[in-house]
Amino acid sequence: MGSFPGFSQEFFEFFTDLSRNNDRDWFAANKDRYRAVVVDAISAFIGAMAPRLAEISRFYVADPRPNGGSMFRIYRDVRFSKDKRPYKEHAACQFRHQAGKDAHAPGFYVHLAPDKVIYGGGTWMPPGPDLQRIRQAIADNPSAWSRVVEDNRLVDSFGAVAGEGLKRPPRGFPPDHPHIADLKRKSFFAMRHVGADEARSADFIDDVEVAFRSATPLMRFLCETLGAEF
């Protein structure tokens, strides 16, 4: 089984320094440092997660390549943003379903920043047709959705399924539905929020695996709803 020593203090210090110097000149001068303490560490973590993830579901991909794999690029898309900082001030990776084409597909996720570490599973802002299918599945099968949100391991690990929601019920769904709070959601995920200290521990990879396993009721529901294998 893959092992990982934890993320180093230098890993998080890079992002602390980047947050104070988020410009192209600084990054160009520190690009070798970025590759050594960030990219190599994320790649190693993804590689160590691969056999663990395969035991959870063989349909999710752990690809340690720095480009085109499970690691998110550090470059921000600033074309339509008022925030013109060119670089993300965190590292992240997504273990995406093999049928998924982008970050909106159901996946397992790890986010690493000096002030917060987040990990778990779900789907973020799925496209309209997929969101409609998820909402319809919840509306049509309330008992099946209850088994997801009331699963003991999921509740113990994450508290609840979360995700930004609408202020009003979506069109076509009854406002008195027992799961109306979930029907309003635009994203569906179960995430743990911890400090960077946890990610520096050699136990971190075990904690992530436990969380991924605890998120499987949600992931299975999403996959079945969207016609993907789990």
Side-chain angles (χ1 to χ4, degrees), residues 46 49-50 52-54 56-63 68-73 77 88 90-113 116-151 153-155 157-167 169-173 177 179-193 208-230:
I46 293 169
M49 277 300 305
R52 296 166 179 256
L53 188 63
I56 297 171
S57 170
R58 62 188 178 90
F59 298 102
Y60 282 84
V61 179
D63 184 341
S70 302
M71 188 186 315
F72 280 105
R73 289 162 51 86
D77 184 352
K88 299 172 185 173
H90 65 271
C93 56
Q94 185 191 34
F95 304 102
R96 197 173 301 157
H97 195 282
Q98 64 184 23
K101 297 180 180 179
D102 56 35
H104 302 285
F108 296 97
Y109 179 73
V110 179
H111 172 111
L112 299 143
K116 61 182 175 182
V117 171
I118 306 168
Y119 53 91
T123 182
W124 177 76
M125 299 295 286
D130 287 352
L131 178 58
Q132 179 68 19
R133 290 170 71 181
I134 295 168
R135 285 174 172 164
Q136 198 65 57
I138 294 171
D140 292 345
N141 301 283
S143 60
W145 184 245
S146 291
R147 288 193 293 273
V148 173
V149 297
E150 296 171 6
D151 180 85
R153 289 197 306 168
L154 187 146
V155 172
S157 289
F158 309 107
V161 172
E164 181 183 356
L166 302 169
K167 292 182 179 180
R171 183 177 301 177
F173 294 93
H177 191 280
H179 294 301
I180 190 60
D182 291 320
L183 289 172
K184 291 179 181 178
R185 297 194 191 283
K186 295 183 285 185
S187 298
F188 299 84
F189 49 73
M191 295 287 166
R192 280 183 56 81
H193 296 247
V208 171
E209 180 186 354
V210 169
F212 285 6
R213 290 185 182 278
S214 298
T216 55
L218 172 62
M219 300 300 285
R220 190 182 301 277
F221 184 93
L222 293 173
C223 284
E224 290 176 353
T225 298
L226 299 175
E229 296 180 277
F230 187 87

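The figures here come from the full heavy-atom set of this structure, side chains too, leaving out hydrogens, waters and symmetry mates.
- Aromatic rings from F108 and F212 are positioned such that their centres are separated by under 6.0 Å.
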Quick one: side chains of residues 183-192, donor-acceptor pairs under 3.5 Å with protein atoms, not counting sequence neighbours, listed by atom name and distance.
unit_1, atom_1, unit_2, atom_2, d
R185, NE, D182, OD1, 2.8
R185, NH1, G163, O, 2.8
R185, NH2, V161, O, 3.3
R185, NH2, D182, OD1, 3.2
S187, OG, M125, N, 2.8
R192, NE, Y119, OH, 3.1
R192, NH1, S157, O, 3.3

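- Summarising the geometry of G120 relative to F158, their closest heavy-atom pair is CA-CE2, 4.2 Å, with the distance given to 0.1 Å.
- The two residues R73 and K88 make their nearest non-hydrogen contact at O-NZ, 2.9 Å.
- Looking at heavy atoms from C-beta onward, F95 lies in side-chain contact with I46 at the 4.5 angstrom threshold.
- Ring centroids of F59 and F230 are separated by 6.0 Å or more, keeping the two rings apart.
- In plain terms, the two heavy atoms of A113 and V117 that are nearest each other are O-CG2, 4.1 Å.
- Under the 4.5 Å side-chain criterion, counting only non-hydrogen atoms from C-beta, C223 is in contact with H97.
- To the nearest 0.5 angstrom, N141 atom CG is 9.5 Å from Q136 atom CD.
- Taking all atoms of both residues into account, the shortest heavy-atom contact from S70 to V61 is OG-O, 3.4 Å.
- Contact detail for Y60 and P106: the closest heavy-atom pair is CE2-O, 3.4 Å.
- Counting all heavy atoms, side chain and backbone alike, V148 lies closest to L154 at O-CD1, 3.9 Å.
- Here the NE2-NE2 distance, from H193 to H111, works out to 9.5 Å after rounding to the nearest 0.5 Å.
- In this structure, R213 pairs ionically with E209, as a charged nitrogen and a carboxylate oxygen lie closer than 4.0 Å.
- Contact of the E150 side chain with the V155 side chain is not registered, since no non-hydrogen atoms from C-beta on lie closer than 4.5 Å.
- Here I138 contributes atom CD1 and F221 contributes atom CZ; the two are 5.0 Å apart, rounded to the nearest 0.5 Å.
- Not a single side chain to side chain contact (heavy atoms under 4.5 Å, CB included) links R58 to another residue, sequence neighbours left out.
- Atom CZ of R135 and atom CG of L166 lie 5.0 Å apart (nearest 0.5 Å).
- Atoms CD1 and OG1, on I134 and T225 in that order, are 6.5 Å from each other to the nearest 0.5 Å.
- The line from CG of D151 to CG of L218 is 10.0 Å long, rounded to the nearest 0.5 Å.
- Defined by atom type and a distance below 3.5 Å, a donor-acceptor pair is present between the side-chain atoms of H179 and S146.
- When side chains are defined from C-beta on, Q94 does not count as touching V110, because their heavy atoms never get closer than 4.5 Å.
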